[in-house]
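Hydrogens, waters and symmetry mates are skipped; everything else that's a heavy atom, side chains included, is used. Count residues from 1 along the sequence.
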Amino acid sequence: MKRKLGVQLGVTFAVLVSFLFAAPTQSYQVEAAKTKTEKKATIKRTANKKITVKVKKYIDGDTTRFKLKNGKNVTAQYLLIETPEIKKDYPYAQEAKDRSRELLKNAKKIQIEYDKGSKRDKQKRELVYVWADGKLVQETLANEGLAVARDTKGKNKKYLDQIQTAEKKAKEQKQNIWSIENYVQAGKGYSQAVVDAHKKALKEAEAAKKAEAERLKKEQEAKAAEEKRAAEQAEADRKAEEKRAAEQAEAARKAEEARVAQEAAAQQAAAAQAQAEAEAQQQAAAEPAQGQTVYVTPTGSKYHTHKCGNGTYTPATLEEAQARGLEPCSKCF
């Protein structure tokens, strides 16, 4: 049993070893062959002759990796210019890289061109002019203040004048790298001290900007709070005024009702008094006062206040006339 188990383990181990150390896969073989071909491929570095290429990788504003028609990949350093370094986080380094990418990405035809001087630098990078649809990329970057012209002090000077002319224009207009005083040092590239000072200034400016933003925020919040308080106070005052006006109106209404009621009562009292007076007058007129002198006839059945007819009238008191049973004359009373 143990012998059989040992045989099985040995077979399994042999299979694993054969799998691990087997011949490379097809994709690995293709990649290996491709790499070998690239290493064997050569490039003719002929001066003043443009070579059509494709972009393999954007590295920096003045450094790009290109692919040649023979499959070889080369890293190209743009001749006669220097852009700020991305790795050092220099000001306008990213802008220079982005602009190079934009120029090449939008180009239908990209070409590189060697000059009469050195073809490669110490880092084995190809020293070339780069063309995008017939326009010199170095000149465009210098013209936009994204690169400084650098004289190689050799034979690579073919387009130096036009690059320097473009640089002069950007410098006069203080575009990009030229907007920072002493950032570009003549013949030395970019000043680290100026970069540090610039970053410090940017940091301080950003801090000041944040502080100002915070101050404005607090000011706006305070203003909003004050406006809210004022609005609430105004609303409270409005409601108080409405209440006061309503109370005044109600009091005035009640006072008017009381006045009208009093006036009506006074009118009713006056009317009652007038009616009473009228009735008293009527009664007084209907009932002559006691002791009043009246006139009677010898044969008449009525007494009079005056001689209202023909005949003989004898004066008598009211009491005497009433005692004799005489009635008042309807004409006199």
Side-chain angles (χ1 to χ4, degrees), residues 24-150 152 154 156 158-160 162-163 166 176-177 189-190:
T25 61
Q26 185 177 359
S27 60
Y28 175 80
Q29 290 175 339
V30 171
E31 187 63 28
K34 184 178 178 181
T35 303
K36 187 175 182 181
T37 301
E38 286 184 357
K39 287 182 179 180
K40 288 183 177 180
T42 59
I43 177 172
K44 294 182 180 180
R45 300 180 177 88
T46 305
N48 304 322
K49 183 179 180 181
K50 294 178 181 178
I51 304 169
T52 301
V53 296
K54 291 183 178 180
V55 175
K56 187 71 175 178
K57 183 180 179 181
Y58 300 100
I59 299 173
D60 218 333
D62 58 6
T63 311
T64 306
R65 190 163 178 78
F66 292 112
K67 183 176 182 179
L68 307 179
K69 284 185 177 181
N70 61 11
K72 184 176 181 62
N73 293 325
V74 295
T75 300
Q77 175 66 34
Y78 294 20
L79 269 173
L80 302 180
I81 66 166
E82 181 181 352
T83 62
E85 292 188 45
I86 287 283
K87 291 182 180 180
K88 294 183 179 180
D89 192 27
Y90 277 7
Y92 298 103
Q94 189 61 50
E95 288 84 349
K97 180 180 179 180
D98 292 342
R99 185 59 173 138
S100 291
R101 180 192 290 112
E102 181 182 21
L103 292 169
L104 298 177
K105 187 175 182 180
N106 295 333
K108 294 179 180 179
K109 187 175 184 180
I110 302 171
Q111 296 170 298
I112 59 174
E113 177 186 353
Y114 290 94
D115 207 339
K116 295 178 180 179
S118 301
K119 304 298 187 291
R120 303 175 80 185
D121 63 9
K122 295 178 181 180
Q123 288 78 36
K124 305 299 182 182
R125 296 177 299 184
E126 306 296 319
L127 298 175
V128 295
Y129 300 110
V130 181
W131 300 86
D133 289 337
K135 293 182 179 180
L136 185 61
V137 175
Q138 283 97 318
E139 183 180 5
T140 300
L141 293 175
N143 183 65
E144 295 178 4
L146 294 172
V148 59
R150 292 297 299 272
T152 59
N156 292 331
K158 184 175 182 180
Y159 301 109
L160 180 60
Q162 66 187 73
I163 293 173
N176 296 322
I177 61 174
Y190 301 91

Pairs flagged by salt bridge (Lys or Arg N to Asp or Glu O under 4.0 Å) wherever residues 87-96 is involved - sequence neighbours left out: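 Those involving residues 87-96 are Glu85-Lys88, Asp89-Lys199.
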
From [X] [atom1] over to [Y] [atom2], what is the distance, rounded to the nearest 0.5 angstrom?
X: Lys67; Y: Thr52; atom1: NZ; atom2: OG1; result: 14.5 Å
X: Thr152; Y: Leu160; atom1: OG1; atom2: CG; result: 8.0 Å
X: Ile43; Y: Asn70; atom1: CD1; atom2: CG; result: 7.5 Å
X: Lys135; Y: Thr140; atom1: NZ; atom2: OG1; result: 7.0 Å

The criterion is side chain to side chain contact (heavy atoms under 4.5 Å, CB included); which residues satisfy it with Lys50, sequence neighbours excluded?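 With neighbours one apart ignored, the set is Gln111, Glu113, Trp131.
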
Under the side chain to side chain contact (heavy atoms under 4.5 Å, CB included) test, which residues partner Asp121, sequence neighbours left out?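 Counting only residues at least two positions away or on another chain, Asp121 forms a side chain to side chain contact (heavy atoms under 4.5 Å, CB included) with Gln77, Gln123, Arg125, Leu127.
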
Could you check Thr64 against Tyr78 for side chain to side chain donor-acceptor pair (under 3.5 Å), going step by step and ending with a plain yes or no? CA-CA 8 Å; Thr64 306; Tyr78 294 20; 2.7 Å; yes

Counting C-beta onward and ignoring hydrogens, is there a side-chain heavy-atom pair between Glu126 and Ile112 closer than 4.5 Å?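 A side-chain contact under 4.5 Å is absent here.
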
Are any of the side-chain heavy atoms of Arg65 and Thr75 separated by less than 4.5 Å?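 Yes, at least one pair of side-chain atoms sits under 4.5 Å.
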
What's the verdict on side chain to side chain contact (heavy atoms under 4.5 Å, CB included) for Phe66 and Ile110, showing C-alpha distance, side-chain angles and the deciding distance? CA-CA 10 Å; Phe66 292 112; Ile110 302 171; 4.0 Å; yes

Backbone N/O of [Y] and side chain of [X]: donor-acceptor pair under 3.5 Å:
X: Thr83; Y: Asp62; value: yes
X: Asp115; Y: Gly117; value: no
X: Asn176; Y: Leu146; value: no
X: Asn73; Y: Lys56; value: no

Using the side chain to side chain contact (heavy atoms under 4.5 Å, CB included) rule, take Tyr58 and Lys97 through it: C-alpha gap first, then chi angles, then the decisive distance, then the call. CA-CA 7 Å; Tyr58 300 100; Lys97 180 180 179 180; 4.2 Å; yes

Glu82 and Tyr190: side chain donor to acceptor below 3.5 Å: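 Distance-only check fails for Glu82 and Tyr190.
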
Taking atom types as modelled, is there a side-chain donor on Asn48 or Lys158 under 3.5 Å from an acceptor on the other?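 Yes.
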
Minimal non-hydrogen separation, [X] against [Y], with atom names:
X: Leu141; Y: Ala96; result: CD2-O, 4.2 Å
X: Lys119; Y: Arg45; result: CE-O, 3.3 Å
X: Asp133; Y: Ala107; result: OD2-CA, 3.3 Å

When the ring centroid of Tyr129 is compared with that of Tyr159, is the distance short of 6.0 Å?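 Yes, close enough.
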
Restricting to side-chain hydrogen bond (donor to acceptor under 3.5 Å, both in side chains), what partner residues turn up for [X], sequence neighbours left out?
X: Ser100; value: none
X: Arg99; value: Glu102, Glu144
X: Gln138; value: none

